[in-house]
Amino acid sequence: MADGTAIERRQSRVTAMLLLPTTLWFLLLLVMPLAVVLVFSFGERAPAGGYEAAFTLEQYANLPARLTAFTNTLTLAPLGTALCVIIAYPLAYYLAVRAGARVKLMLLVLVIVPFWTSFLIRTYAWIYILGGRGIPRLLDMVGIEDLRLINTPTAVLIGIVYGYLPLMVFPIYVSLEKLDKRLLEASDDLGATPLRTFLQVTLPLSMPGLVTGSLLVFILLMGEYLIPALLGGGKVFFVGNALVDLFLQSRNWPFGSAVAIALVVIMLVAIAAYLALVGRERTRSDASLI
Amino acid sequence: MGQTGERGIDVQTQATSDFDIEFRGVTKRFGAVTAVQSMDLQVARGGFFSFLGPSGCGKTTSLRMIAGFEQPSEGDVLIEGRSVVGTPAHRRPVNMVFQHYALFPHLDVFDNVAYGLRQRRPRPDRDTIRRQVGEALELVRLSGFEGRRSWELSGGQQQRVALARALVNRPTVLLLDEPLAALDRKLRRDMQIELQTLQRDVGITFVLVTHDQEEALSMSDTICIMRDGRIVQMGGARELYDEPANAYVADFVGKSNFIAGTARAGGGLRDPHGRGFGGRRPAGGRALGEGEKAVLAVRPETVAILPDGAASGGFDVALAGRIRNRIFLGEHTEYLVAVEGIGDMLALVPKLAEEERGSFGEGQAVTIAWNDRSALVLGDD
């Protein structure tokens, strides 16, 4: 008996040691900086820039000054996520359900290959593609004139879909891959048309992948900086661009902190709302629509 | 009922037919592999029909062609006298119980069973669905399990949900793909009885696919034995057991001792040592010419073991042998007896016979005996 408890004690000590790096990482790199930002957001800008200790809500009251950044982020991030879902789902479905082994491997490699070069370089390439000598010029040849792409919300959306599509494809692919194909036959056998089989079996069972992919893309998009900076030209900017501006250009740390905290709060609320919606949708389809 | 096996009859039926399922010259190829080879088949209405054969014999492909998951490469599949070639599964009046049940994991028992009803157009109203699902669950003795998820159920319960989910649609034919394979032995026995009872109660034609001969024999009215995409023999359990068409069937249905040799013109068989054995031809079996390769099949339960040197006791054949192995199985004992010039022969000795004649130990010299009427001369194909 004594041996048993000794082993148990040693096991729990090992567990604690294994958890230690994660805990330290979490505290040092996530909780602490966030706490610093929170404290900063109630402070004042020092005359020469940076932070001066104070307790004021002035920074928060000033948030509407950066409203455009918030509205851009809050429209283009959800829209980009939705576009990614719409484009990624058929691709993932094809990969998981329809494609033969060789085609599947080839397409999966093609989805991964872009990661082998820097995202920055690939986005620069899009500046050229969307710029005056790229697609607009080609369209000009077939008679569609004066189309501006670069530095528009469309350009930013194209960049978003291009950059984030793989992050959406993989979770959906994995959940569709796990889907038991016999369930589709069972649905067919029970009289469901292919469309109804998709809506009643395939889609509900791939929801976990769809939710994971959406959250992943949405969260990353909310903090996106590079794509709007390069493809949006100073015209279509996100909260991320505003933060860079506030911290590096105008050196207004307290206001930047307030903007950052506001972004975090909005994100948490949005995610909570999304999960609540998805959860309710699922329980309702579970309890079902007699 | 049970009137199948009448192959080669040209049935001129249109919308109505005495047969729920018919295959006319059905061939199914997957690339270079031919899974089913020009098959003709009729399944009578209201019976319990089984496809029996080893894996790869084409039985599952046949079932999937009835369900609509596969289309024949050649020939015609008819359900209730109507050709269903090209008709997708969701428009066929048949339902299937899948091998591993394929219950929808995101739905509870009620919704699983209600699934088929909800696909109907016009959709039945809420009360109708509730009542029919309730009846179906009652039929499989699962009332009160409506809210459970499939992973909360035992294998036998999942099996019953799968049955209810199919039966609630009142299909013309219920298809069962190795439905009992995933259950343990005891439960399998119970479910066999239950399936048989259920089939009689609902009166729906059941078509079963199995590789388990005991399962097929115990439940079906008609069994179709398949090999390499072809039908070898079709008939009732007793017919297949007592009158196997060839050595393959005799080996597949029950156990048999085989003595290889050639057919004799006057009946019986001559073994390679020139010994003659008496035996009858199975009813409906193919005629065998003098000298044609054949086997003598003797069921182990018709073989008696007598003490060495004892009077042959009126048996037609008595051979000297030695006990090689003995397995006690409760109600009977299985003896493996080495017989000179033949090899090992199996004998099932019931408890009663053992009490009368005594039991035998390994290595003991014995006489092994049977009657000509218990021996069948079969073509070796």
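A, B, ... follow the sequence lines: proteins, then strands. Residue 1 opens every chain.
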Original post:
Between A/D180 and chain B, which part of the residue has a heavy atom less than 4.5 Å away: side chain, backbone, both or neither?
Top reply: neither
**OP:** Among B/A162, B/A102, B/A114, single out the residue with the greatest number of heavy-atom pairs under 4.5 Å to chain A.
**Re:** B/A102
What part of [X] lies closer than 4.5 angstrom to a heavy atom of chain A: side chain, backbone, both or neither?
| X | answer |
| --- | --- |
| B/N169 | side chain |
| B/F104 | both |
| B/L103 | backbone |

**OP:** Please say whether more than 12 non-hydrogen atoms of neighbouring residues, nucleotides or ligands are located less than 6.0 Å from CZ in A/R196.
**Re:** yes
**OP:** With ring-ring contact (aromatic ring centres under 6.0 Å, His included) as the test, would you mind laying out the steps for B/F51 and B/F49 before giving the verdict?
**Re:** CA-CA 7 Å; B/F51 287 109; B/F49 184 93; 5.2 Å; yes
Original post:
Do NZ/NE/NH1/NH2 and the carboxylate oxygens of B/E74 and B/R29 come within less than 4.0 Å?
Top reply: yes
Subject >> salt_bridge(A/D189, B/R92) N-O dist < 4.0 Å >> reply: no
Original post:
If you draw the axis of the six-membered ring of B/Y101, does the NZ or CZ of B/R165 fall within 45° of it and under 6.0 Å from the ring centre?
Top reply: no
